[in-house]
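Below: one structure, written as structure tokens.
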Amino acid sequence: MTQAILPHADVVILGAGQAGLQAALSLREEGFAGTIQMIGDEAALPYQRPPLSKGFLLGQVGEEALELRPQAMLDKLDIRLATGVAGTGIDRAGRRLALSDGSACGYGHLILATGSRVRLWSGAGADLAGIAYLRTLEDARALGPRLEAARDVVVIGAGFIGLEFAAVAAKRGKRVHVLEAADRVMARAVTPAISAFFRERHEIAGVEFRFGAKLLGITGRDGQVAGVELDGGEHLSADLVLVGIGGIPNAELAAAAGLAVENGVVVDEMMATADPHVSAIGDCCSHPNVFAGSRIRLESVQNAIDQGRTIAARLAGKPQPYRAVPWFWSDQGDLKLQMAGFTNGADHQVTIGGMDEARFSLVSFRGGVLIGIESVNRPADNMLARRILALPEAVTLAASEAAGHDLKALAMPARPA
């Protein structure tokens, strides 16, 4: 049950996902005693999104297990939560947030944790039944029965969501085609060696790929999806099309309020906007990242949690810049891919373990400096990778070679005598 929205709160958090919830929890952990009002547009308690494309669709994870925290804990911490309500306007001068139910909530500080939304297919056939997206619990609830009834599945996009869903569909015995505009899977996130490995493993599981694919439209029959038409005349049959072509930050509210937006709400390393009373965290914000060496926007659990902690510490009077090591994961069939750092532009790689056994790590360097580590079914390596990348001084290729590329040794450098 949603709670009545306070007319004014010391901290208002717009968004009840991982980032927003973490900010609220961390405020209490930091000893913040003021009022906290969370507002979420979904009619559910804050929940985990990653299992939606994997365990939830396979029936291995139930809805209750998705909940990040029970209502009883929020009540105990005096964190008020209103669900099914969206923000409609920010009055920065009056420090008031207008809401979709016609009410408003005044704030001492506003945290925008509005997340992102799926990018929709807007071409031919966009209105056909049988086109699905996977971002919310509601999406996943609807997708389960559709997948059960489907025979031919087409996935548009070979990113994490697309490949996770393709693995589930193949395991459920469906014929699966994946269309990707780039020349390899997960091209924006992983190195070519990892792309090649995962492509081969998906193909062994029965998934077929089309790279450099240009989708002309989705075709239908009697209002239902019947297939997809590719440039060059190829037609693939489909009674279910899953679109996974990226996310769009929910930054329109901030832009309308006059805040800077650049692929997300622009914040500094303290998660602060140009307005001292407004911050932004999680998927919706663009932040300076020391590991990327540029301003970026990240959609990951790690980023959401660590930015929630960063803003909570600042509001509690303990400011620390956001310098967390970025890490990600993706479960695809029996493969667990874990990444730490950013491996774009790697010019040298070292393999630890055996690729043939599907249990290995690729250590990536650029210009003689370690920039990231990708691990498959080696979770201990990922933990060490995060520790190594958090060291005050970057690890060089020479130092890694001297240590025999032993991650445990690199994670615990010798102390000076």
Side-chain angles (χ1 to χ4, degrees), residues 50 53-54 118-119 121 134 153-171 175-216 228 230-232 234 236 238 241-247 291-292 296-300 326-366 371-378 382 385:
S53 57
K54 303 175 277 286
V118 295
R119 189 179 300 278
W121 165 251
L134 188 47
V153 175
V154 168
V155 178
I156 302 174
F160 292 151
I161 292 294
L163 293 182
E164 289 168 2
F165 177 74
V168 169
K171 187 171 183 177
R175 289 198 292 252
V176 184
H177 286 89
V178 177
L179 312 180
E180 172 54 50
D183 61 357
R184 59 188 179 93
V185 304
M186 302 180 287
R188 291 185 297 175
V190 303
T191 58
I194 289 291
S195 290
F197 175 83
F198 272 81
R199 172 184 177 175
E200 179 183 10
R201 290 296 171 136
H202 280 286
E203 288 176 336
I204 290 172
V207 176
E208 294 187 28
F209 291 93
R210 299 288 191 280
F211 294 101
K214 183 177 180 181
L215 181 64
L216 296 182
V228 297
L230 301 179
D231 186 26
E234 184 179 14
L236 298 174
V241 174
L242 188 285
V243 180
I245 52 177
F291 293 92
I296 61 172
R297 185 177 68 85
L298 292 176
E299 295 185 13
S300 74
W327 54 271
F328 318 83
W329 82 88
S330 176
D331 293 330
Q332 300 174 30
D334 59 356
L335 303 174
K336 176 176 282 293
L337 171 63
Q338 295 172 290
M339 300 148 285
F342 299 113
T343 56
N344 293 335
D347 54 30
H348 184 79
Q349 284 188 304
V350 174
T351 304
I352 300 173
M355 296 184 75
D356 291 343
E357 293 79 33
R359 189 173 179 274
F360 66 95
S361 291
L362 292 181
V363 186
S364 292
F365 299 86
R366 183 176 62 227
I371 57 172
I373 298 177
E374 301 160 316
S375 302
V376 176
N377 294 340
R378 285 178 70 108
N382 180 256

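Basis for what follows: all heavy atoms, side chains included, without hydrogens, waters or symmetry-related copies. One is the number of the first residue; the rest follow in order along the sequence.
- A donor-acceptor contact closer than 3.5 angstrom links the side chains of Ser361 and Ser375.
- Leu163 places a side-chain heavy atom less than 4.5 Å from the side chain of Met186.
- Here the closest non-hydrogen pair linking Asp183 and Phe211 is C-CD2, 3.7 Å.
- Between Val176 and Glu208, every side-chain heavy-atom pair lies at or beyond the 4.5 Å cut-off.
- Counted by atom type alone, Ser330 and Glu164 present one or more donor-acceptor pairs between their side chains at under 3.5 Å.
- Within the 3.5 Å criterion, the main-chain N or O of Arg199 finds no donor-acceptor partner in the side chain of Arg184.
- One finds the OG atom of Ser300 at 9.5 Å from the CE atom of Met339 (value rounded to the nearest 0.5 Å).
- In this structure a side-chain-to-backbone donor-acceptor pair under 3.5 Å is present from Glu180 to Ala182.
- A distance-only check finds a donor-acceptor pair linking the side chain of Asn377 to the backbone of Ala358 [under 3.5 Å].
- The backbone N or O of Ile194 sits nowhere less than 3.5 Å from a side-chain atom of Glu374 that would complete a donor-acceptor pair.
- The minimum heavy-atom distance between Gly157 and Val178, with the atom names listed, is O-CG1, 4.0 Å.
- Ionic pairing of Arg297 and Glu299 is present here: one or more N-O contacts between side-chain nitrogen and carboxylate oxygen are shorter than 4.0 angstrom.
- Within the 4.5 Å cutoff, the side chain of Gln338 has no heavy atoms near those of the Trp327 side chain.
- Between Ala193 and Leu362, the closest heavy-atom pair is CB-CD1, 3.6 Å.
- In this structure, the side chains of Arg210 and Leu230 come closer than 4.5 Å at one or more pairs of heavy atoms.
- Of all heavy-atom pairs between Ala340 and Ala385, the closest is CB-CB, 3.9 Å.
- Here the side chains of Ile371 and Phe291 are not in contact, with every heavy-atom distance at 4.5 Å or above.
- Met355 has its side chain within reach of Phe197: a pair of non-hydrogen atoms, C-beta onward, lies under 4.5 Å apart.
- Of the possible donor and acceptor atoms, none in the side chain of Thr343 sits under 3.5 Å from a partner among the backbone N and O of Val190.
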Review point. Given Phe160 and Phe328, is the ring pair (Phe, Tyr, Trp, His ring centres under 6.0 Å) satisfied, shown in steps?
Key: CA-CA 10 Å; Phe160 292 151; Phe328 318 83; 7.4 Å; no
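- With contacts defined as side-chain heavy-atom distances shorter than 4.5 Å, the pair Ile156/Leu242 does not qualify.
- Between Val185 and Phe209, the closest side-chain pair of non-hydrogen atoms falls below 4.5 Å.
- Asp331 places no side-chain N or O within donor-acceptor distance of the main-chain N or O of Lys336, the cut-off being under 3.5 Å.
- The minimum heavy-atom distance between Gln332 and Ala167, with the atom names listed, is C-CB, 4.0 Å.
- Separation of atoms OG1 (Thr191) and CG (Asn344) is listed at 9.5 Å; rounding is to 0.5 Å.
- Atom OG1 in Thr351 sits 7.5 Å away from atom CZ in Phe360 (nearest 0.5 Å).
- Rounding to the nearest 0.5 Å gives a distance of 6.0 Å between CG of Leu179 and CG of Leu236.
- Remark: Leu337 CG to Leu335 CG distance equals 8.5 Å, nearest 0.5 Å.
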